[in-house]
Amino acid sequence: MSTPYPFTAVVGQTDLRLALLLNAVSPAVGGVLVRGEKGTAKSTAVRALSALLPAVDVVPGCRFSCAPVAPDPDCPDGPHGTGPGGARPARMVELPVGASEDRLVGALDIERALAEGVKAFEPGLLADAHRGILYVDEVNLLHDHLIDLLLDAAAMGASYVEREGVSVRHAARFLLVGTMNPEEGELRPQLLDRFGLTVEVAASREPAQRVEVVRRRLAYEDDPAGFAARWSGDEEQVRARVTAARALLPQVRLGDNALLQIAATCAGFEVDGMRADIVMARTATALAAWAGRTAVLKEDIRQAALLALPHRRRRNPFDAPGLDEDRLDEILDQFPDEDPQDDPDPDPEPEPEPEPEPGPDGGPENPQGPDDGGGPDGGGVPPQGGGPQDAQPPAQQPAEAPAAPPEAAPQPPAGEAGGPEQAAVRAAEPFRTRMLSVPGLGEGAAGRRSRARTAHGRTTGAQRPRGQLTKLHLAATVHAAAPHQKARGRSGRGLLIRKDDLRQATREGREGNLVLFVVDASGSMAARQRMSAVKGAVLSLLLDAYQRRDKVGLVTFRGAAAELALPPTSSVDAAAARLEKLPTGGRTPLGPGLLKAHEVLRIERLRDPSRRPLLVVVTDGRATSAGSAGGDPRELTARSARLLAADGVASVVVDCESGPVRLGLAGALAAELGGPAVTLDGLRADSLAGLVKDVRTAVTTPASPNTTRRAA
């Protein structure tokens with residue numbers, strides 16, 4: 001087994017380390033969600049935490065880690081006696097993004113259950129993580145049903161496996177830690193709420209801290225065991241402090257004044273539900289125990305709010321998590337401080353020394369190692385409360401230089417411009433759109449848009465299993481076994497079941513699609529102040545894509561060329577940000593825009609062949625430039641549209657033409673693409689008829705040979 005990177009050697013990331021340690025002190029806090037850009041020590045810190053947890057006593061031979069003093073009465077390996085137990089280190093179990101449901105909750109041998117009447121259960125990762133840490137890297141990329149199972153088990157402290165009337169239950173209490181990069185997509189708000197604490201991490205921009213990160217990482221890679229040995233003293237101090245805080249936690253008193261502060265804070269920030277109040281209370285008591293106190297102070301509540309509330313304040317998917325600290329202080333200042341005499345601890349902990357400046361990948365800022373200035377916090381453990389010593393003084397700003405004389409704006413080349421480039425306009429208020437879906441039956445990733453064969457959904461039939469049986473179709477299995485009972489020598493009441501008799505249930509649900517937006521940003525779109533409405537419509541469709549768990553991409557065209565503004569991604573936030581900054585102006589290269597979309601979809605089909613595309617073209621239909629291809633712009637547009645239709649791409653055209661005189665060019669484009677056209681007003685859910693209930697085309701998708709597309 002490789003030597004893990006020491007927790008106390010992580011440079012900076014004070015909030016991250018504090019949140020992890022608070023959950024180690026009190027697992028009831030509910031876990032940590034770590035959000036941040038790549039390369040910010042998220043995984044390093046989480047993997048290092050398990051070495052700080054106290055060892056656990058387990059019943060020898062129990063696959064579910066039952067405690068000898070209080071074994072689980074429903075343990076599948078039980079009942080257990082009262083003999084002595086054995087100690088083992090706390091586990092850190094990692095859940096891969098591509099894990100199956102059986103790998104997570106465990107697998108039940110249906111064949112033996114039907115034929116022999118026994119519960120042959122193979123434990124999953126939830127059982128392995130019991131009384132330890134369950135780490136989910138890239139939690140935002142997990143399928144929704146896996147996240148639901150994971151969070152339900154974390155909330156109930158138990159995992160349930162139900163298969164055709166056969167039920168298995170076992171304890172599953174663990175510290176849940178998830179990491180994610182927001183650029184790759186967000187979690188649904190109801191799932192965000194199930195994580196107790198959230199932490200935003202970012203790499204330091206200070207050269208000295210970055211140098212220390214590199215120095216420590218290289219030293220660790222050169223000699224992992226020697227590097228860990230140099231930090232072993234600090235690791236032991238933190239381990240002892242976690243053990244002491246756990247022992248002190250039951251004695252911490254949460255007074256009425258503290259409860260009022262918590263309730264007022266959650267109400268003041270208009271947080272939905274009561275989970276935030278409960279998490280804040282548990283976090284504040286853990287903070288007090290970590291500081292060696294038995295009374296919760298205002299500073300504990302403030303720090304608890306900063307960790308427990310930001311991710312619960314999002315009102316729509318494009319809101320950035322955050323908390324107004326001035327508003328927080330204003331709410332807390334309405335309440336008097338607790339009387340220090342109420343704290344029965346006669347020897348309060350001395351004020352910790354300031355911690356070295358934080359960095360993105362390692363512990364205290366100490367190039368000489370743990371023997372030089374480790375400090376009372378164990379060489380890199382964040383001081384309680386994350387006090388002012390962690391704040392950075394504002395950088396001195398240089399005096400503003402005199403403004404340079406304005407230069408004349410460059411003129412676009414003759415023959416290519418439809419007017420100068422105009423500044424980006426703000427999107428109009430988004431609205432609820434009607435659903436656009438791809439016709440036929442797909443087999444893509446689980447989502448909420450188009451019909452597909454999925455692991456979850458309504459049962460539509462049965463088939464022989466391809467590999468391990470996961471969803472038994474009981475009636476089809478009995479029907480397959482019934483004709484052979486006499487030949488198999490059946491004499492009792494039970495059926496004689498063989499492996500060839502088993503049938504897998506086929507189910508139909510919904511899949512997520514790749515929604516590729518092709519947006520006209522030419523001068524004709526801005527001439528009549530339509531771009532604000534267009535952006536509002538696209539933003540509304542992006543919101544719909546977020547809710548339906550789609551991937552999205554953005555192609556824009558203006559001037560003489562088309563541009564892939566956003567490659568296909570699960571981050572709808574990134575698409576909204578690119579849309580907001582989209583400038584307009586120039587001629588209309590509609591044909592090159594469609595060709596760029598064709599190229600993007602071709603490449604994406606190779607990367608993810610099971611995910612079906614939906615092309616949304618937002619334009620008034622005018623084509624005034626052929627770009628570098630040359631020739632007639634309208635002929636190029638028609639050829640490009642027919643190319644997309646021949647590839648079986650489901651399309652819809654959002655007609656942005658306005659005014660009393662309409663040329664109907666967008667409708668003609670939709671006919672070439674083989675899909676419908678809908679106006680901006682018709683896109684609204686309350687006004688759109690059944691025209692785009694399904695986007696229908698008249699060809700067969702190459703990626704799905706059995707899918708027939710009909711003309712709209």
Side-chain angles (χ1 to χ4, degrees), residues 12-26 28-36 40 42 45 177-180 182 189 192-202 204 245 252 254 258-291 293 296-315 319-335 337-338 352 354-355 357-358 377 381-392:
Q13 304 298 16
T14 305
D15 287 342
L16 169 59
R17 290 181 288 132
L18 178 61
L20 292 173
L21 289 169
L22 292 178
N23 274 270
V25 171
S26 175
V29 166
V32 185
L33 176 64
V34 187
R35 298 163 44 94
T40 49
K42 302 188 297 292
V177 182
T179 59
M180 60 174 284
L192 277 173
D193 185 55
R194 299 295 289 272
F195 281 93
L197 310 179
T198 187
V199 178
E200 296 280 342
V201 296
S204 171
V252 175
L254 188 66
L259 286 172
L260 283 173
Q261 293 177 27
I262 291 171
T265 301
C266 293
F269 283 104
E270 300 180 352
V271 177
D272 294 334
M274 295 298 299
R275 185 174 283 116
D277 303 64
I278 297 171
V279 171
M280 274 190 64
R282 290 171 174 166
T283 305
T285 55
L287 280 162
W290 177 248
R293 290 184 272 101
V296 173
L297 304 182
K298 184 185 295 185
E299 62 195 71
D300 300 325
I301 296 171
R302 186 184 192 279
Q303 183 64 51
L306 293 175
L307 294 172
L309 296 188
H311 61 300
R312 294 183 165 91
R313 296 203 61 246
R314 298 184 67 186
R315 287 295 179 262
D319 288 342
L323 205 66
D324 185 345
E325 295 192 34
D326 292 337
R327 172 63 177 154
L328 175 61
D329 291 333
E330 180 183 333
I331 294 173
L332 293 178
D333 287 344
Q334 299 174 8
F335 298 87
D337 292 330
E338 289 278 7
E355 183 186 326
E357 296 293 357
D377 290 305
V381 179
Q384 180 270 332
Q389 64 270 25
D390 295 319
Q392 301 256 354

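Looking at every heavy atom in both residues, Ala304 comes nearest to Ala284 through CB-N, 4.0 Å. The minimum heavy-atom distance linking Gly268 with Ile331 is given by the pair CA-CD1, 3.9 Å. Shortest non-hydrogen contact noted between Gly196 and Arg312 is O-NH1, 3.1 Å. The two atoms that bring Ala308 and Val279 nearest to each other are CB-CG1, 3.9 Å, heavy atoms only. Of all heavy-atom pairs spanning Ala19 and Leu307, the tightest one is CB-CD2, 4.5 Å. Residues Asn23 and Gly30 approach most closely at OD1-N, 3.6 Å, considering heavy atoms.
In this structure, CG on Leu16 lies 11.0 Å from CG on Leu197, to the nearest 0.5 angstrom. One distance of note links CZ of Arg194 with NE2 of His311; it measures 11.5 Å at 0.5 Å rounding. Rounded to the nearest 0.5 Å, atoms CZ (Phe195) and CZ (Arg35) are 11.5 Å apart. Rounded to the nearest 0.5 Å, atoms CD (Gln303) and CE (Met280) are 10.5 Å apart.
Distance alone, capped at 3.5 Å, is enough to place a donor-acceptor pair between the Thr198 side chain and the Leu33 backbone. Side-chain atoms of Ser26 never come within 3.5 Å of backbone atoms of Leu22 as a donor-acceptor pair (strictly under, hydrogens ignored).
Listed by chain and number, the residues in a side-chain contact (heavy atoms from CB on, under 4.5 Å) with Ala267 amount to none (sequence neighbours excluded). Contacts of Leu260 classified as side-chain contact (heavy atoms from CB on, under 4.5 Å), with partners at least two apart in sequence or in another chain: Phe335. Take Asp333 and apply the side-chain contact (heavy atoms from CB on, under 4.5 Å) test, not counting sequence neighbours, and it matches Lys298, Asp329. Residues satisfying the side-chain contact (heavy atoms from CB on, under 4.5 Å) test with Leu328, not counting sequence neighbours, are Thr265, Phe269, Arg302, Ala305, Leu306, Leu323, Leu332. Not a single salt bridge (Lys or Arg N to Asp or Glu O under 4.0 Å) links Asp277 to another residue, sequence neighbours left out.
Across Val32, Val201, Val34, a single residue satisfies side-chain contact (heavy atoms from CB on, under 4.5 Å) together with Thr179, and that is Val34. Just one residue in the list Leu297, Ile301, Asp300 forms a side-chain contact (heavy atoms from CB on, under 4.5 Å) with Gln261, and that residue is Ile301.
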